Amino acid sequence: MRPLPRPTVRPAPTATGAVAAAAALALCLLAPGARAEAAPLDGPATAGPATTASATMATTTTTTTTTATPLVTWSMDSSGGVVRDGTSGLTLGLQGRWTQLAGAVAFGAATPSLGVSDDGGRLSPGTADFAVAVTMTTASVPRGQGYSPNVVQKGFASSGGQWKLTLRPTSGGTRAACRFEGRSGSVLVRDSAGGRLDDGRSHVVACWRAGGVLGVTVDGRSTQLRRDVGAISPRTATTVANKRADAGADDQLVGSVACVAMALGAGSRDLALSRAGC
């Protein structure tokens with residue numbers, strides 16, 4: 001008689017084997033395309049990297065690195081008809097009929113009256129972030145058709161790029177607007193957050209670009225939009241109170257300018273505004 005076959009004895013699953021089996025079962029139950037983080041085979045399962053990353057994102061504070069540098073600061077105290085910036089060496093020559101006030105220059109007694117810089121292309125931002133801020137006062141702004149006095153600008157429309165701070169008379173008072181023109185297009189950003197400027201009081205107004213955002217800030221309140229106009233690289237002189245010496249009355253600022261400050265790089269808006277008091 002043949003002997004009965006000996007029973008096969010299978011070893012009991014170890015703790016490591018049980019964990020592995022559980023992990024395999026979990027993988028089978030995952031939805032298609034889902035990822036699993038394998039637990040260590042020699043101990044209990046732990047939180048995977050996805051959980052850790054989520055916690056880090058929730059607790060990490062993002063900071064913006066400021067790399068802005070001042071380009072020019074013109075405090076409008078002229079000497080012999082010239083306003084000088086001691087840091088950059090750039091000057092602003094006053095032309096036409098203007099009046100030196102206490103800490104400001106008044107323009108508009110005759111057309112044209114303006115300041116013309118000797119910067120060449122030094123105040124052209126190219127593709128960089130930049131800001132120009134002005135402390136100014138105006139009280140009498142005509143509402144004639146086409147009247148849009150220029151406070152400060154560099155470049156002309158359709159001729160190599162432009163940045164410009166201008167005033168726009170409206171039924172609710174005169175407001176600021178900033179025009180940006182680069183290699184990829186142009187846009188006019190009209191202030192809708194600040195207030196009217198034709199009240200005879202001092203106001204701080206800025207035009208700026210930060211990344212893909214363009215904006216105008218009036219007394220701390222900003223209006224902005226996202227638009228990429230490309231490189232802004234005019235080679236013409238920067239002017240204050242009018243666009244050029246042969247311009248007409250439609251572009252003439254009737255008012256006073258106390259300070260012009262410009263900065264370049266990340267954080268330039270804050271830097272220019274902080275220097276706009278000269």
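Since the structure is predicted, the reported quantities are computational estimates derived from the model, not experimental observations. Throughout, residue positions are numbered sequentially from 1 according to the sequence presented.
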Atom pairs and distances, donor-acceptor, side-chain atoms in residues 257-265, under 3.5 Å, two or more places apart:
none

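- Here the CG-CG distance, from Leu92 to Asp119, works out to 9.5 Å after rounding to the nearest 0.5 Å.
- Of the charged side-chain nitrogens involved, none lies within less than 4.0 Å of a carboxylate oxygen, so that Arg244 and Asp251 do not count as a salt-bridged pair.
- Contact detail for Leu273 and Ala206: the closest heavy-atom pair is CD2-CB, 3.7 Å.
- The heavy-atom pair separating Thr238 from Lys154 by the smallest distance is OG1-CD, 3.5 Å.
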Self-check item: Working for side-chain contact (heavy atoms from CB on, under 4.5 Å), residues Leu253 and Leu167
Solution: CA-CA 8 Å; Leu253 172 67; Leu167 303 182; 3.9 Å; yes
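- A donor-acceptor contact closer than 3.5 angstrom links the side chains of Arg275 and Thr73.
- The closest side-chain heavy-atom distance from Asp77 to Gln100 is below 4.5 Å.
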Cut-off 3.5 Å, no hydrogens considered: what does the side-chain donor-acceptor table look like for residues 178-188, sequence neighbours left out?
from, atom 1, to, atom 2, distance (Å)
Arg179, NH1, Gln162, OE1, 2.7
Arg179, NH1, Glu181, OE1, 2.8
Arg179, NH2, Glu181, OE1, 2.9
Glu181, OE1, Ser158, N, 3.1
Glu181, OE2, Ser158, N, 2.8

Quiz item: Would Val205 and Val151 count as a side-chain contact (heavy atoms from CB on, under 4.5 Å) if you check the C-alpha gap in whole Å, the side-chain angles of each, and the deciding distance to 0.1 Å?
Solution: CA-CA 10 Å; Val205 188; Val151 181; over 6 Å; no
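- Listed by chain and residue number, nothing satisfies the side-chain hydrogen bond (donor to acceptor under 3.5 Å, both in side chains) test with Thr236 (two or more places apart in sequence, or in another chain).
- The backbone N or O of Gly126 lies less than 3.5 Å from no partner atom in the side chain of Ser124, so there is not a single donor-acceptor pair.
- Val72 is not listed as a side-chain neighbour of Pro70, based on a closest heavy-atom distance of 4.5 Å or more.
- Nearest heavy-atom pair, Trp74 versus Thr91, reported as atom, atom and distance to 0.1 Å: CZ2-O, 3.7 Å.
- Chaining together hydrophobic side chains whose heavy atoms lie under 4.5 Å apart leaves Val82 on its own.
- Between Gln153 and Thr239, the side chains place no donor N or O within less than 3.5 Å of an acceptor N or O (distance only, hydrogens not considered).
- Hydrophobic side-chain contacts under 4.5 Å tie Trp208 into a cluster, directly or through other members, with Val213.
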Self-check item: From CA spacing to verdict: side-chain contact (heavy atoms from CB on, under 4.5 Å), Phe130, Leu71
Solution: CA-CA 10 Å; Phe130 76 97; Leu71 291 181; 5.9 Å; no
Quiz item: Taking it one step at a time, do Arg84 and Ser79 satisfy side-chain contact (heavy atoms from CB on, under 4.5 Å)?
Solution: CA-CA 8 Å; Arg84 292 179 171 84; Ser79 175; 4.3 Å; yes
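- At a threshold of 4.5 Å between non-hydrogen side-chain atoms, the residues Met76 and Cys278 do not count as touching.
- Hydrophobic clustering, with ILVMFWY side chains joined whenever heavy atoms are under 4.5 angstrom apart, groups Val229 together with Val132.
- Grouping the Ile, Leu, Val, Met, Phe, Trp and Tyr side chains by contacts below 4.5 angstrom, directly or via other members, places Val218 apart from Val204.
- Of the possible polar contacts, one joining the Ser113 side chain to the Gly108 backbone as a donor-acceptor pair under 3.5 Å is found.
- A donor-acceptor pair under 3.5 Å is formed between the side chain of Thr138 and the backbone N or O of Val254.
- Here the side chains of Arg196 and Thr174 are not in contact, with every heavy-atom distance at 4.5 Å or above.
- Residues Gln252 and Pro149 are not in side-chain contact: their nearest non-hydrogen atoms beyond the backbone lie 4.5 Å or more apart.
- Minimum interatomic distance between Lys243 and Leu114 (heavy atoms only, all atoms of both residues): C-CD1, 4.5 Å.
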Self-check item: Residue pair Arg221, Asp191: steps toward the salt bridge (charged side-chain N to carboxylate O under 4.0 Å, His left out) verdict
Solution: CA-CA 9 Å; Arg221 297 184 177 184; Asp191 167 54; over 6 Å; no
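- Proximity of Val116 to Gln95: side-chain heavy atoms (C-beta onward) are separated by under 4.5 Å at one or more points.
- Taking the side chain as every heavy atom from C-beta outward, Phe107 and Thr99 never approach each other to under 4.5 Å.
- Judged by distance alone, with hydrogens and angles left aside, the side-chain atoms of Arg122 form no donor-acceptor pair with the main-chain N or O of Leu90 at under 3.5 Å.
- For Arg209 (side chain) and Ala128 (main-chain N/O), a donor-acceptor pair under 3.5 Å exists by modelled atom type.
- Taking 4.5 Å as the limit, every side-chain heavy atom of Gln224 sits out of range of all side-chain heavy atoms of Val216.
- Here the shortest heavy-atom pairing between Val189 and Gly215 reads CG1-CA, 4.2 Å.
- With a 4.5 Å cut-off between side-chain heavy atoms of Ile, Leu, Val, Met, Phe, Trp and Tyr, the cluster of Leu101 takes in none.
- Residues Ala237 and Ser117 come closest through the heavy atom pair CB-O, 3.4 Å.
- A donor-acceptor pair is defined here as one N or O able to donate and one able to accept, closer than 3.5 Å; such a pair exists between the side chain of Asp199 and the backbone of Arg201.
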